Amino acid sequence: MIWTAFFINPFFTFLYALYNYNQVYVKNILWAFTVFFSMTFSVGLETQGADINRYMLWVEQLYGQSMGGWDAIEYFKNSREVDVARTFLTIFVSRFTPNGYYLVIIFGVIYGYFFSRNIWFVYERLRGSRLRGIVVLLITCLFLILPIWNINGFRFYTASHAFLYGLLPYLYDGKKRKLFWCFISPWLFHFAFLVPVLILLGYMVLGNRYNLYFVAFLGSFFIKELDINQFNQLADNYLPESFVERSEGYRDQEAISAFQDRELLSADKRWYAVLYNPVLHWSLAVFLTVLYFRLRRVLVANRKLLGVLSFTYLFFAVSNILSTLPSGGRFLSLASLLSLVILSIYLQNSVKDRLMERVIKISYPALLLFIIVSIRVGFYAFSVTTVLGNPLFAIFTIGENLSLNDVLKAIF
């Protein structure tokens with residue numbers, strides 16, 4: 001019945017599945033909807049500079065070129081990429097069509113798998129037939145931290161979900177076999193995930209030293225900038241040469257100085273578009289600080305959360321420091337998602353923690369700002385077909401869909 005409804009209208013079936021979070025079909029509905037979204041994906045007038053447009057253009061450029069296996073490897077070497085998935089998927093699609101939107105569909109299949117499994121990981125561990133109101137808000141934020149429209153930046157955000165897909169079962173259930181996905185993510189999806197892998201290795205050596213990690217977490221908020229010369233020296237000495245070459249643009253002194261001297265708010269930037277992510281990160285930092293002093297309650301509610309909490313303090317600390325570098329702030333999304341995993345499971349499954357709930361309620365404006373602006377950002381990739389169409393209709397509109405943002409611009 002649920003799949004019949006999905007083929008009639010995937011969007012409303014997707015919303016229904018989110019509401020009925022404890023049903024076994026939810027994870028596959030989430031996956032199927034992500035694939036459907038990729039079929040109906042729209043490149044709006046204001047998103048022409050997104051990474052996804054370059055990927056689609058490369059499909060068109062490679063189409064018709066004779067390319068065997070060794071030619072593909074040579075093309076990959078010349079691209080100076082370290083991670084392989086995007087390049088070889090682009091080559092594969094270009095053997096059959098010049099239409100880059102078919103590459104987006106393959107991205108949707110891969111991204112949707114990891115995305116749906118990570119959301120289901122949290123859903124599966126929530127007790128009760130209905131979610132508490134405060135948990136609904138947190139789960140909504142969790143869903144929007146690395147949402148399905150992030151296939152716009154396929155490499156980094158797929159690496160994020162693949163890394164989480166291996167990390168969460170290890171931290172929560174001790175499943176070491178899943179760590180395969182953590183260790184392969186820098187080579188498969190995005191080279192920058194060598195940093196999370198190194199953090200994970202450090203955690204595996206040190207163990208759950210949550211007091212040490214918490215001190216590092218607090219201290220990281222007082223580090224305004226990284227000593228880039230020392231950082232570059234460490235990178236040159238210890239990282240693989242391919243990673244050193246590929247990351248030069250992120251470690252350039254002039255680029256870093258320009259990034260650190262930029263104006264956060266200016267006349268050409270709307271305040272909510274600039275602040276919606278920082279206010280969430282700061283709110284979660286406050287929640288994690290309160291949670292540290294409620295540690296005994298956390299362990300009584302669910303001892304398995306200790307590993308996730310310890311790693312989150314460590315990862316948040318490093319992410320704060322990396323946010324002083326160009327593009328380094330992207331790791332804060334992963335830190336925020338881990339924070340929301342802990343808070344959602346803890347508050348849903350424990351006896352009411354009135355102090356924590358009060359602190360979160362005070363932060364409602366920040367959380368709501370994040371939710372509203374994030375959904376609005378989704379309008380750039382969501383199309384009219386995504387909301388009103390179905391898979392049969394979508395087959396005939398691939399590459400011809402109008403974004404919800406363009407519709408709103410036309411109306412208003």
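Values reported hereafter were calculated over all heavy atoms of this structure, with side chains retained and with hydrogens, waters and symmetry mates removed. If you're wondering where the values come from, they're calculated on a predicted model, not measured in any experiment. Residue numbers start at 1 and run along the sequence shown.
Listed by chain and residue number, Y203, F315 satisfy the ring pair (Phe, Tyr, Trp, His ring centres under 6.0 Å) test with F311 (two or more places apart in sequence, or in another chain). Residues satisfying the side chain to side chain contact (heavy atoms under 4.5 Å, CB included) test with F76, not counting sequence neighbours, are S79, E81, V84, T87, F88. In this structure N9 satisfies the side chain to side chain contact (heavy atoms under 4.5 Å, CB included) test together with F11, F12, sequence neighbours excluded. Legend: residues meeting side chain to side chain donor-acceptor pair (under 3.5 Å) with R132, ordered by chain and number and at least two apart, are absent. Not counting sequence neighbours, the partners of R209 by the side chain to side chain contact (heavy atoms under 4.5 Å, CB included) test are L206, L212, Y213. In this structure D353 satisfies the side chain to side chain donor-acceptor pair (under 3.5 Å) test together with R294, Y346, sequence neighbours excluded. Residues meeting the side chain to side chain contact (heavy atoms under 4.5 Å, CB included) test with I184, sequence neighbours left out: F180, W181, L188.
In this structure, a donor-acceptor pair under 3.5 Å is present between the side chains of N320 and S220. Between the side chains of T385 and T40, no donor-acceptor pair is found at a separation under 3.5 Å. Defined by atom type and a distance below 3.5 Å, a donor-acceptor pair is missing between the side-chain atoms of N99 and Y63. In summary, the side chains of H161 and N118 do present a donor paired with an acceptor at a separation below 3.5 Å, with no hydrogens or angles considered.
Here the side chain of T324 pairs a donor or acceptor atom with the backbone of I321 at under 3.5 angstrom. With hydrogens and angles ignored, the 3.5 Å screen pairs no side-chain donor or acceptor of D406 with any backbone N or O of L402. No donor-acceptor pair under 3.5 Å is formed between the side chain of Y55 and the backbone N or O of F154. For Q348 (side chain) and G128 (main-chain N/O), no donor-acceptor pair under 3.5 Å exists by modelled atom type. N349 contributes a side-chain N or O that, together with a main-chain N or O of R127, makes up a donor-acceptor pair within less than 3.5 Å. Here the side chain of N401 pairs no donor or acceptor atom with the backbone of S42 at under 3.5 angstrom. Formation of a donor-acceptor pair under 3.5 Å by the Y313 side chain with backbone atoms of Y292 is found in this model. The main-chain N or O of G112 is never found under 3.5 Å from a side-chain atom of T34 such that the two would form a donor-acceptor pair. A donor-acceptor contact shorter than 3.5 Å is absent between the side chain of E60 and the backbone of M56. Proximity of a side-chain donor or acceptor of T158 to a complementary backbone N or O of R155 within less than 3.5 Å is not detected.
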Practice problem: Could you walk me through whether I110 and F189 pass side chain to side chain contact (heavy atoms under 4.5 Å, CB included), step by step? | Solution: CA-CA 11 Å; I110 298 170; F189 296 118; 4.0 Å; yes

Practice problem: Applying side chain to side chain contact (heavy atoms under 4.5 Å, CB included), run through Y172 and I345 and close with a yes or a no. | Solution: CA-CA 11 Å; Y172 195 88; I345 294 174; 4.3 Å; yes

Quiz item: side chain to side chain contact (heavy atoms under 4.5 Å, CB included) between Y165 and Y113: does it pass, once the steps are laid out?
Solution: CA-CA 10 Å; Y165 179 71; Y113 177 81; 3.0 Å; yes

Quiz item: Given the rule in the side chain to side chain contact (heavy atoms under 4.5 Å, CB included) test, do Y123 and L18 qualify, once you have shown the distances and angles that lead to the verdict?
Solution: CA-CA 10 Å; Y123 276 6; L18 291 181; 3.6 Å; yes

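Heavy-atom contacts from other residues, nucleotides or ligands closer than 6.0 Å to OH of Y25 number more than 12.
The cationic group of R330 lies under 6.0 Å from the six-membered ring centre of F156 and within 45° of the ring axis, placing it in a cation-pi geometry.
Considering all non-hydrogen atoms of both residues, R95 and L62 come closest at NH2-O, 3.0 Å. Residue R86 comes nearest to F107 through the heavy atom pair CG-CZ, 4.0 Å, listed as atom of the first residue, atom of the second, then distance.
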Which atom pairs, donor and acceptor, lie under 3.5 Å between side-chain atoms of residues 138-149 and protein residues at least two apart or in another chain?
| unit_1 | atom_1 | unit_2 | atom_2 | d |
| --- | --- | --- | --- | --- |
| T140 | OG1 | V136 | O | 2.7 |

Contacts table for residues 363-373: side-chain donor-acceptor under 3.5 angstrom, sequence neighbours left out:
| unit_1 | atom_1 | unit_2 | atom_2 | d |
| --- | --- | --- | --- | --- |
| S363 | OG | V359 | O | 3.3 |

Show which side-chain atoms of residues 273-281 pair as donor or acceptor with protein atoms under 3.5 Å away, not counting sequence neighbours.
| unit_1 | atom_1 | unit_2 | atom_2 | d |
| --- | --- | --- | --- | --- |
| H281 | ND1 | N277 | O | 3.3 |
| H281 | NE2 | S336 | OG | 3.4 |

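Less than 6.0 angstrom separates the ring centroid of F193 from the ring centroid of F331.
The one candidate from F36, F382, F33 that meets the ring pair (Phe, Tyr, Trp, His ring centres under 6.0 Å) condition with F14 is F33.
Taking the six-membered ring for Trp and thresholds of 30 and 60 degrees, F115 and Y111 have nearly parallel ring planes, at less than 30 degrees apart.
The closest side-chain heavy-atom distance from F293 to F214 is below 4.5 Å.
Residue pairs that meet the salt bridge (charged side-chain N to carboxylate O under 4.0 Å, His left out) test with at least one member in residues 166-186, sequence neighbours left out, are R125-D173, D173-K304. The stretch residues 332-349 participates, sequence neighbours left out, in no salt bridge (charged side-chain N to carboxylate O under 4.0 Å, His left out) pair at all.
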